[in-house]
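In what follows, chains carry the letters A, B, and so on, assigned in the order in which the sequence lines appear, proteins first and then strands, with residues in each chain numbered from 1.
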There are 4 protein chains.
Amino acid sequence: MALTGVLRPGFIQIRVLDLHASVEHYVARVGLHKVATGEDGRVYLKAADEIDHHSIVLRQAASAGFDLMAFKVAREADLGEFESRIKDFGYNVDHVPAGEQPGIGRRIGWTLESGHRLELYHAAEPSHPRPSFQNPEVWEHEPHGMRARRFDHAQLNGPHIERVLEFFEKVLDFSLVERIEGEDGLVAVFLSCGMKAHDIAFLNFPEPNKLHHVSFELETWNDLGHAADIIARYDVSIEIGPTRHGATQGRTIYFFDPSGNRNEVFAGSYTFYPDHPVRTWDARHIPKGVFYYERKIIESFLSVMT
Amino acid sequence: MALTGVLRPGFIQIRVLDLHASVEHYVARVGLHKVATGEDGRVYLKAADEIDHHSIVLRQAASAGFDLMAFKVAREADLGEFESRIKDFGYNVDHVPAGEQPGIGRRIGWTLESGHRLELYHAAEPSHPRPSFQNPEVWEHEPHGMRARRFDHAQLNGPHIERVLEFFEKVLDFSLVERIEGEDGLVAVFLSCGMKAHDIAFLNFPEPNKLHHVSFELETWNDLGHAADIIARYDVSIEIGPTRHGATQGRTIYFFDPSGNRNEVFAGSYTFYPDHPVRTWDARHIPKGVFYYERKIIESFLSVMT
Amino acid sequence: MALTGVLRPGFIQIRVLDLHASVEHYVARVGLHKVATGEDGRVYLKAADEIDHHSIVLRQAASAGFDLMAFKVAREADLGEFESRIKDFGYNVDHVPAGEQPGIGRRIGWTLESGHRLELYHAAEPSHPRPSFQNPEVWEHEPHGMRARRFDHAQLNGPHIERVLEFFEKVLDFSLVERIEGEDGLVAVFLSCGMKAHDIAFLNFPEPNKLHHVSFELETWNDLGHAADIIARYDVSIEIGPTRHGATQGRTIYFFDPSGNRNEVFAGSYTFYPDHPVRTWDARHIPKGVFYYERKIIESFLSVMT
Amino acid sequence: MALTGVLRPGFIQIRVLDLHASVEHYVARVGLHKVATGEDGRVYLKAADEIDHHSIVLRQAASAGFDLMAFKVAREADLGEFESRIKDFGYNVDHVPAGEQPGIGRRIGWTLESGHRLELYHAAEPSHPRPSFQNPEVWEHEPHGMRARRFDHAQLNGPHIERVLEFFEKVLDFSLVERIEGEDGLVAVFLSCGMKAHDIAFLNFPEPNKLHHVSFELETWNDLGHAADIIARYDVSIEIGPTRHGATQGRTIYFFDPSGNRNEVFAGSYTFYPDHPVRTWDARHIPKGVFYYERKIIESFLSVMT
């Protein structure tokens with residue numbers, strides 16, 4: 001198939017309370033590489049398999065949480081086309097000049113009715129260290145920490161997720177891969193711009209602009225076991241796992257960065273194709289859809305977020 | 001990104017010498033499900049995660065080898081569009097009526113300059129057993145044998161692979177993901193229609209229409225270890241592995257079905273995006289590109305095929 | 001080192017409420033083989049790697065729980081020697097004639113101050129199916145269900161575990177491998193007759209003769225993931241896991257058979273040698289010692305047993 | 001069972017051509033820790049899970065190969081008892097004073113008819129770093145390189161292995177776990193002093209005092225995959241693997257240190273008990289006994305050694 005339009009999650013910018021402790025967490029524990037520190041103090045990180053400049057941006061602030069998430073588009077020209085479509089959908093679009101983040105070209109941004117700021121960009125400088133493409137080794141640098149391979153997706157909580165779903169399907173050409181339906185309507189949607197089970201997920205929540213979790217992909221269930229050892233050994237705050245989701249089938253651990261932002265490491269989801277029926281979880285099966293092994297939802301998973 | 005055009009490898013039809021022994025091999029060892037036997041004796045099989053009617057067709061014949069490989073397209077209308085583009089490229093296109101294979105709609109077919117017949121189709125009945133999409137379990141039927149999850153790709157050997165490459169890129173909108181370059185030109189190409197490292201591969205070879213291998217995806221390296229135990233326990237003919245490819249990074253075992261058709265089970269390749277530079281292996285590094293652990297090519301891998 | 005005296009846990013006899021459902025559970029889910037049904041209705045089962053006649057005995061009764069656990073000794077003559085030592089310690093010893101269980105020779109039995117009946121025996125007929133010893137395959141019969149390899153150990157709850165510890169060390173020549181010490185004294189002991197982290201464990205509990213869990217060994221963490229899938233797919237009652245113990249370092253899942261007897265599947269403990277210092281958990285670290293990932297104890301783990 | 005007498009392989013001293021490159025190999029690649037350098041230049045290393053001072057001794061010399069292998073006994077008094085028994089068997093016994101190697105007490109030594117020097121010792125200082133025994137973490141120091149957990153065993157090649165077998169069984173109380181029988185007699189023996197499938201192995205070979213390989217235990221097949229990646233990434237000389245042995249069932253990779261001494265990393269063998277029949281491989285099945293997946297023996301495995 002032709003791969004066009006929105007390619008993938010590019011980066012996410014989150015707020016942290018203690019930049020030093022956060023960098024330690026994401027580098028030594030999660031296994032990212034620090035690539036740059038901006039003049040304004042923001043720190044830029046990347047995971048091992050990523051080819052672009054960075055994927056995680058940490059900004060010191062008085063409260064933890066979500067600043068923005070940006071997707072990479074296939075061509076520079078896509079930015080203009082998507083700007084028109086976004087405006088046609090009724091949203092204001094603003095422009096962020098190249099260089100506002102090191103290594104990233106110009107971006108367009110807008111705010112969803114769930115309260116979250118999203119952005120699109122195309123131009124990105126190569127990451128450093130970067131996977132090799134000439135007689136490439138499986139890795140140039142031995143994996144460390146939890147061995148995160150990529151910033152995979154984020155789950156964002158907020159209101160009006162029916163409208164968010166409509167926007168992603170109609171404007172950004174995402175596919176609805178899974179949906180969780182409660183007795184009073186749509187609870188959650190898992191959206192893909194490619195063949196992953198999700199590139200972004202939204203959960204219905206009364207308060208806007210909340211960050212539920214930032215997720216990093218590991219290779220296998222075995223790496224999840226190693227990640228759990230690291231979490232325990234260094235007394236990282238854990239919420240649940242290793243376990244498995246019914247929705248997306250991802251094997252998973254949830255834990256918290258030093259500022260309370262929820263992280264996920266996950267592995268083992270299925271391959272999605274757009275001719276798949278939408279996987280649907282009804283009210284009675286939600287507990288199994290959320291935590292497949294426990295078959296019950298823990299309270300913090302619904303109430304704790306940044 | 002919008003997923004359009006050719007979605008994925010749909011099915012491959014291969015010739016076998018002993019249908020009974022072959023079905024035993026693919027069902028009891030590889031772990032497929034038998035879904036139908038046609039009136040003409042062809043046997044139809046599918047892997048666990050596949051949603052369409054079948055993916056492997058076995059046809060009894062006096063010699064083993066390749067009959068055809070068919071890709072599924074996203075929309076019925078794509079068939080007409082691709083027919084025009086294929087004809088414009090200079091190939092004859094013929095039509096196969098719906099029902100020529102059970103559960104599969106009308107197909108269009110043509111022959112590459114490498115000698116291989118390819119086909120496109122859109123309509124397919126659901127597989128049985130089929131993964132569930134309503135409150136889905138991770139599997140409905142406990143995996144068996146090698147636990148193959150899908151027919152993943154095939155490698156075909158023949159002449160004129162530069163032209164084959166040109167055809168796949170220009171007409172079918174595939175991406176060149178990796179290439180192996182020898183001292184006398186292009187040795188092999190790995191082509192993707194989505195985010196897999198390859199959906200089909202071609203190796204330069206003087207004789208046309210040769211089948212190098214049919215590949216099945218397993219979940220992890222651990223499942224490859226189990227597959228190797230099965231291969232040894234039942235004295236299945238093995239060629240090499242468990243090992244790893246440099247190209248595609250897939251962890252792999254090569255073995256033979258009872259008719260001598262080469263099979264691969266593999267796991268653990270990377271995620272491809274179309275903004276990735278083409279991974280390139282030069283002449284000096286070909287051994288590591290082919291067998292990453294051994295760093296040498298075994299002779300049979302170059303000379304034995306059906 | 002010379003391996004003498006008590007070799008290993010041989011079998012455990014437990015009471016179940018519904019024999020048919022229990023056999024289904026232990027065979028189809030846990031992955032045991034049924035080897036015999038006695039004239040009195042008791043059912044005899046074994047795990048894949050075990051060489052003796054059986055290791056699990058199910059007896060239908062009005063209440064679930066523990067009947068007895070028997071250890072195999074290296075030589076028939078050991079029975080007499082241990083009988084003397086057990087009597088010298090102050091316990092009555094009774095004799096069970098050969099054939100009281102099919103395939104098992106004469107046994108001697110006694111009751112611990114924790115209320116549990118233990119037995120020793122030497123003679124045992126070969127299991128069927130039995131691993132091969134002449135040009136052995138890694139397995140003769142493809143593993144099924146959770147792929148349990150052996151009945152590994154049991155944890156028994158009852159009073160007077162200081163005396164139980166003294167008995168095992170002085171009379172049966174076991175080693176104390178780990179101990180959990182609470183603020184009011186000894187909480188739990190893990191005892192080994194060989195190089196495993198534990199062959200039996202005792203937890204201090206006011207009520208005598210309680211069964212906390214029967215444990216089966218799996219090969220790896222990967223098999224634990226598969227076991228968790230089975231537990232979820234078939235809605236087997238789960239308590240916790242996949243997780244890890246601090247004590248013994250075993251990766252683990254706890255779940256219940258249809259009668260409420262707790263089962264464990266575990267993998268990945270360390271190799272014990274008798275020159276190891278006793279691993280000790282103090283009151284403050286008990287939660288991490290029990291559930292290394294959660295770092296807290298769930299209430300049911302302390303209160304629910306048969 | 002009572003664990004008495006010879007406990008386990010304690011350390012092996014091998015000769016290397018380039019001490020610096022060798023230390024790099026065993027520390028950065030295999031994953032050992034360097035613990036000391038002696039005044040005479042010998043370097044002392046240990047693996048992560050070992051509790052005693054060291055397990056690998058590297059001695060710079062003009063030729064690579066085997067100096068000696070030493071077993072730890074359970075009690076200091078065992079040294080005297082074994083000295084008598086060894087002398088009664090007809091061998092000369094010499095004494096090595098405490099401190100000849102740092103951290104190791106007095107040793108007794110003798111030479112087998114296969115030409116190899118063996119030693120016994122009891123006293124050993126704790127290793128540093130050493131696993132914790134008070135509220136122990138699964139590891140104190142994050143595993144690195146191939147994540148070797150222990151020096152597991154060695155295979156030594158030489159003549160008169162029937163006599164070696166007799167010595168180990170009669171004098172050192174080892175068990176014969178597996179034997180390979182060729183058409184002209186005994187080919188190889190696998191000997192255990194505990195519950196491992198082997199603590200030392202001997203292969204019949206005309207030349208005395210040869211080192212076939214030094215083996216390190218990894219946790220799982222997954223770690224073997226990681227080890228293979230390391231071997232390939234750093235172009236370590238590999239012989240074969242990842243594969244599996246029929247004998248011992250160990251999953252394995254063979255490679256060479258910079259001096260040509262063969263190393264093995266392995267995982268996944270079975271648990272041995274002394275009531276197991278001896279696993280026996282006959283002449284026709286030797287290829288499968290040696291390399292279970294390949295079912296053929298590679299020539300270098302028989303001819304290359306130090």
Donor-acceptor pair between D:R8 and C:T271 side chains, under 3.5 angstrom: no

D:D184 atom CG: more than 12 heavy-atom contacts under 6.0 Å: no

Closest non-hydrogen atom pair between D:P277 and C:R130, with its separation: CG-NH1, 4.0 Å

Residue, of D:K288, D:E178, D:R284, that accumulates the most heavy atom pairs under 4.5 Å with chain C: D:K288

Per-residue contact mode, C:R244 against chain D (heavy atom under 4.5 angstrom): side chain

Side chain / backbone / both / neither for C:Q134 at chain D, heavy atoms under 4.5 Å: both

Segment of C:N222 engaging chain D (4.5 angstrom heavy-atom cut-off): neither

Residue part contacting chain D, namely of C:V73, when any heavy atom lies under 4.5 Å: neither

Option in D:I180, D:D199, D:I51, D:D275 with maximal non-hydrogen atom pairs under 4.5 Å from chain C: D:D275

Contact origin within D:D52 toward chain C - heavy atom pairs under 4.5 Å: side chain

Heavy-atom donor-acceptor pair, C:N135 side chain to D:D282 backbone, under 3.5 Å: yes

Part of D:R179 within contact of chain C (heavy atom distance under 4.5 Å): neither

Expected output: side-chain D:Y292 to main-chain C:V138 donor-acceptor under 3.5 Å: yes

Region of C:E137 that comes under 4.5 Å of a non-hydrogen atom in chain D: both

Top contributor to chain C contacts, counting heavy-atom pairs under 4.5 Å, from D:W221, D:Y270, D:W281, D:F71: D:W281

Closest non-hydrogen atom pair between D:P274 and C:L7, with its separation: CG-CD2, 3.6 Å

Nearest-0.5 Å distance that lies between atom OH in D:Y273 and atom CE in C:M195: 10.0 Å

Nearest atoms (heavy-atom pairs only) where D:T280 meets C:P136: O-CD, 4.3 Å

